[in-house]
Amino acid sequence: MHIHKIRGWEMLSSRITPEHVFFNRRQFMAGAGAIAAGLMLPPAIGGAEAAVNPAFADAGRAVTPEEINTTFNNFYEFGSSKRIASAAAALPTKPWTIAVSGLVEKPFEIEFQDLLKQVSLEDRVVRHRCVEAWAMVVPWTGFALKDLVALAKPLSGAKFVRFETFNLPEIAAGQKEGLFGGGYPWPYTEGLTLAEATNDLAFIATGAYGKELPKSMGAPLRLHTPWKYGFKSIKSIVKVEFTDKRPVSFWEQLGPAEYGFWANVNPQVDHPRWSQSQERMLGTDEMFPTQLFNGYGEWVAGLYAGMENEKLYM
Ligand SMILES: Nc1nc2c(c(=O)[nH]1)N[C@H]1C(S)=C(S)[C@@H](COP(=O)(O)O)O[C@H]1N2
Ligand SMILES: [Mo]
């Protein structure tokens, strides 16, 4: 299926080393082939009715075909290949509880369906740029992260938001100790400053292509920060913690020389092992020049004024 298109990506990966390969060289990879490669169609459940946010109605490039987006994924909990959709189907997402904790007025847990009732859902069509130099356009349904921040009522000392994914090694084979030499610091974590988290562009996706979010894409809810490299956009969130300390994320722990906290897209700052000047749109052979902040500087450039000493672009 889609062999000619897949070849385009394979050509890409022969020139660009994916995130995991570098670490596997050191850590002895075993059994990646044990992850079943396969295709799964998402259940045909209608997405909630939501209006398109006019600011994000058009990403300026064609929407990436749904079958590509749902079956070409980075989701290391289920393995280091892009073909994790069938393995991810085993993730139990109903019910799903999110814990809000740390420097907030009152920590609480909330069931995903109850959370949905307290936010305003909207559709957004935005670009996504992986650090591996591929890109796509995704039609999301979800809500602005600032809605969740408002529900959490952070205290004045809260400066950062730290997110955590589930840790279920019995279900997610990539989390089993030994599969990657046990070297991965599960659970997957990510973080934003509070100013980033309350920026209009920071989004929690709960659906895609007018349907509920496929498990391969991070069901039932995942972050999407379109101006940052894709690894910031943590999937299947179970914990949202407000803190005064800058969180150290999964990839930053693994490779601090290659993956930093800010990870803002910038064509002029190369990854240590490859150029970031261009990106390939998945499902096409088209290359586009990479844009500063992935083209979303109008929303976010001001967040980084006066931060010249920070490593903003890795
Ligand atoms: N929990 C978790 N979240 C994750 C990842 C992951 O491995 N685990 N991969 C990240 C990376 S590198 C990218 S590019 C995007 C991919 O999202 P997609 O599969 O929906 O395209 O998810 C991000 N979020
Ligand atoms: Mo990525």
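For clarity, every value in this text was computed on a predicted model and none was experimentally measured. First listed ligand is number 1; within each ligand, the first listed atom is number 1.
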For F75, take its heavy atoms, then give the atoms of ligand 1 lying under 4.0 Å from any of them.
1 (N), 6 (C), 7 (O), 8 (N)

Pair E66 + K211, salt bridge at N-O below 4.0 Å:
yes

N or O pair under 3.5 Å between S233 and ligand 1:
yes

Hey, which of N199, D200, T198 is the one that makes side chain to side chain donor-acceptor pair (under 3.5 Å) with K146?
D200

In terms of side-chain heavy atoms, does K228 have a donor or acceptor partner in N264 at a distance below 3.5 Å?
yes

Who's closest to atom 17 (O) of ligand 1 heavy-atom-wise, of R222, K232, H128?
R222

Are any of the N or O atoms of N73 closer than 3.5 Å to those of ligand 1?
yes

What atoms of ligand 1 come closer than 4.0 angstrom to any heavy atom of C130?
14 (S)

What are the atoms of ligand 1, with element, lying closer than 4.0 Å to any heavy atom of F231?
10 (C), 11 (C), 12 (S)

Determine whether the side chain, the backbone, both or neither of Y188 has a heavy atom under 4.0 Å from any heavy atom of ligand 1.
side chain

Tell me, with the steps shown, if W140 and F56 meet ring pair (Phe, Tyr, Trp, His ring centres under 6.0 Å).
CA-CA 10 Å; W140 298 117; F56 308 113; over 10 Å; no

What atoms of ligand 1 come closer than 4.0 angstrom to any heavy atom of M217?
20 (O)

Name the one of K232, M314, H271 that satisfies side chain to side chain contact (heavy atoms under 4.5 Å, CB included) with Y259?
H271

Residue K235 vicinity, atoms of ligand 1 by number, heavy atom under 4.0 Å
1 (N), 2 (C), 3 (N), 4 (C), 16 (C), 17 (O), 18 (P), 19 (O), 20 (O), 22 (O), 24 (N)

Should you measure from each heavy atom of I234, which atoms of ligand 1 turn up under 4.0 Å away?
3 (N), 24 (N)

Find all atoms of ligand 1 within a distance of less than 4.0 Å from any non-hydrogen atom belonging to T165, and give their numbers and elements.
1 (N)

Judged by atom type as modelled, is there a donor-acceptor pair below 3.5 Å linking the side chain of N69 to the main-chain atoms of P65?
no

Quick check with a 6.0 Å cut-off and a 45 degree axis cone: is R127 positioned over the face of Y296's six-membered ring?
yes

Would you please indicate yes or no on a ring centroid separation below 6.0 angstrom for W251 and Y229?
no

Looking only at side-chain N and O atoms, does Y304 offer a donor or acceptor that is under 3.5 Å from a partner on E196?
yes

Please report whether ligand 1 has a polar contact with W140, defined as an N or O pair separated by less than 3.5 Å (distance criterion only).
no

State the atoms of ligand 1, each with its element, that fall below the 4.0 Å cut-off from a heavy-atom position in M136.
21 (O)

